[in-house]
Every structure is written in C-alpha cells, then in structure tokens.
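Take a look at the structure set out below.
Side chains included, hydrogens not; waters and symmetry mates left out as well; all remaining heavy atoms used. Lettering of chains follows the sequences in order, A, B, ..., and the numbering in each one begins at 1.
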Protein chains: 2
Amino acid sequence: MTLHSTFAALADPTRHKILMLLKKKDMSAGEIGSHFDITAPSLSHHLGILKNADLVKSRRNGQEIIYSLSISTFEELSDTMINFFKTK
Amino acid sequence: MTLHSTFAALADPTRHKILMLLKKKDMSAGEIGSHFDITAPSLSHHLGILKNADLVKSRRNGQEIIYSLSISTFEELSDTMINFFKTK
DNA sequence: TATATATTTAGATAGTTGTCTAAATATTTA
DNA sequence: TAAATATTTAGACAACTATCTAAATATATA
C-alpha cells in the first residue's frame, strides 16, 4: 500500500465516520451500518477499502464480523506526517 | 475545509509528488511541471486542489506563480493524527 | 436439515475526477 | 503597442468510485 492510497481510504466522509465510530469501540458491520443511511453492500464496500488500506482489522464472531481499528497504521501515519518536513 | 477533503487532496500520486518537490524548495508552476509528464492545465488543476485544501500557497513573481508549502496545515494535520486516539 | 440472520460478492449505473485541447488572462520584452 | 512567455479557465471525455439491487456465502437456530 502506498501513502496516497492510505489517504484515499481516509478521503471519504462515510469512511471517516466509520473510523470515528470504531475509535469508541469495536463494532460488527451491522452495528456500524445502523449509524448510516446506506445499504449493507455499500457499507461492506467501504469496510473493504478500509481493511485493504490496513486501517481496520476484522474478525468473525459467530454470524457477525467484528471490525476494529488497526492502531499501528495510525501510529505510522502520525509519524509520516510529523517527519514530513524533517527530511529533504 | 473538512478533514476528509484535506485527505482527498493528498490522495493522488501527482499531488503527493508535488508536495515532495515543494519540501525541497519553493518552485514556479513551470518548474514543478518539468518533473511531470502532464500538460500545464492538468498540473494547474492539481495545484488548484492543493491550494484549495490550504496545503500550498502561491505568490506571483513577474510572469511566474511561485508555489510553496503551507506549513501550518501540515502541523495541524500531524496534530490531528496524533490526537486521533486521545479523544473518544 | 431447513430457515433465519449477518455479511459479502457480482453486476449495473450515476456522479466525480484527472486528463486533454483550445482559449483566455497576466506579465515582460522588443 | 505587438509579440512572447507563464499560467489559468472552459469544456469535453474516459476512467474511477459510491451507490444500488440481486444473488451468494457463512453461521446459528428451530
């Protein structure tokens, strides 16, 4: 994954809101969806993009898929932004 | 400007490369363009997006428009990423 | 095993975006 | 003031993306 594709994953209001929700607690796809006015397939599409960008992880729990933030990726992204000016 | 629109501005490889070039030194649109294989209008389009996102500033110098990074926006973005997990 | 629940995959479509050419604007120089 | 240089604006178009419906997959329960 390139840096700009990570930014692309962050560059959508729905995905941004998903990340904000997952900050509070891990949630199933269905629980995440209850906060939006889009269909399950649309939500799944966004979750797939976030997962592909390593911004979230998922695990199965019975019938549900539980999503959670991938902390390390955010830490790396913080570092990238901080170091942006340090290297010419 | 919203956070996700700032990310959208960062989410393109050409714009990412423009920012990397401007890290080294301020440059005119023409000098920036010499590093790419796209037409001047395409480049201008990207510069407009970066400017609109407050990621770069521009000033006129004779016939040239000189572009430079908008440091404060990057600092704010660093802070945003660092603080991402600190607030629920 | 059949049915219900949770989620994803597949395929279609409308809206967005990056690119181009042509034309316009701004500044400098002959 | 006319021509040259630097850049942007306008408009068209192809590629990409977010959305939808329909169907498929996986798990749990009657």
Atom pair distance, as rounded to whole Å: [atom1] in [X] and [atom2] in [N]:
X      : N       : atom1 : atom2 : answer
I32(A) : dT7(C)  : CD1   : P     : 9 Å
H16(B) : dG18(C) : NE2   : P     : 15 Å
R15(A) : dT17(D) : CZ    : P     : 9 Å
D12(A) : dT17(C) : CG    : C1'   : 14 Å
I18(B) : dT7(D)  : CD1   : P     : 13 Å
H45(A) : dT17(D) : NE2   : P     : 8 Å
L47(B) : dA6(D)  : CG    : P     : 16 Å
H46(B) : dT8(D)  : NE2   : P     : 13 Å

Donor-acceptor under 3.5 Å (N52(B) side chain, G48(B) main chain):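 No, because the side chain of N52(B) does not come within donor-acceptor range (under 3.5 Å) of the backbone of G48(B).
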Nearest heavy-atom neighbours spanning [X] and [Y]:
X      : Y      : result
D26(A) : I66(A) : CB-CG2, 3.8 Å
R15(B) : A8(B)  : NH2-O, 3.1 Å
F74(A) : L55(A) : CE1-O, 3.6 Å
H46(A) : I38(A) : CD2-CD1, 4.1 Å
I65(B) : S58(B) : CG2-CB, 3.7 Å
L47(B) : A29(B) : CD1-CB, 3.9 Å

Run Y67(B) and M27(B) through side chain to side chain contact (heavy atoms under 4.5 Å, CB included) and show every step you take. CA-CA 5 Å; Y67(B) 283 88; M27(B) 285 185 196; 5.9 Å; no
At less than 4.0 Å, is any side-chain N or O atom of S28(B) found next to OP1 or OP2 of dT7(D)? Yes or no.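 For dT7(D), OP1 or OP2 has a side-chain N or O of S28(B) closer than 4.0 Å.
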Taking the minimum atom-to-atom distance to the side chain of I38(B), which one of dT7(C), dG18(C), dC20(C) wins?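 So the nucleotide nearest the side chain must be dC20(C).
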Restricting to side chain to side chain contact (heavy atoms under 4.5 Å, CB included), what partner residues turn up for H45(A), sequence neighbours left out?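 For H45(A) the side chain to side chain contact (heavy atoms under 4.5 Å, CB included) partners, ignoring immediate neighbours, are I49(A).
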Closest-nucleotide ordering on DNA chain D, the 5'-leading residue of S42(B) and A40(A):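 Closest to the 5' end, via its nearest nucleotide, is S42(B).
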Identify, between T39(A) and G30(B), the residue whose nearest nucleotide on DNA chain D lies closer to the 5' end.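 Looking at the nearest nucleotide for each, G30(B) comes out on the 5' side.
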Take the C1' atoms of the five end pairs on each side of the helix from dT1(C)-dA30(D) to dA30(C)-dT1(D), get both axes, and report the angle to 10 degrees.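 Answer for the end axes of this duplex: 10°.
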Please list residues of residues 49-71 of chain A whose heavy atoms come under 4.0 Å from any atom in DNA chain C, ordered by number; otherwise none.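 Close to the strand are Q63(A), E64(A), I65(A), Y67(A).
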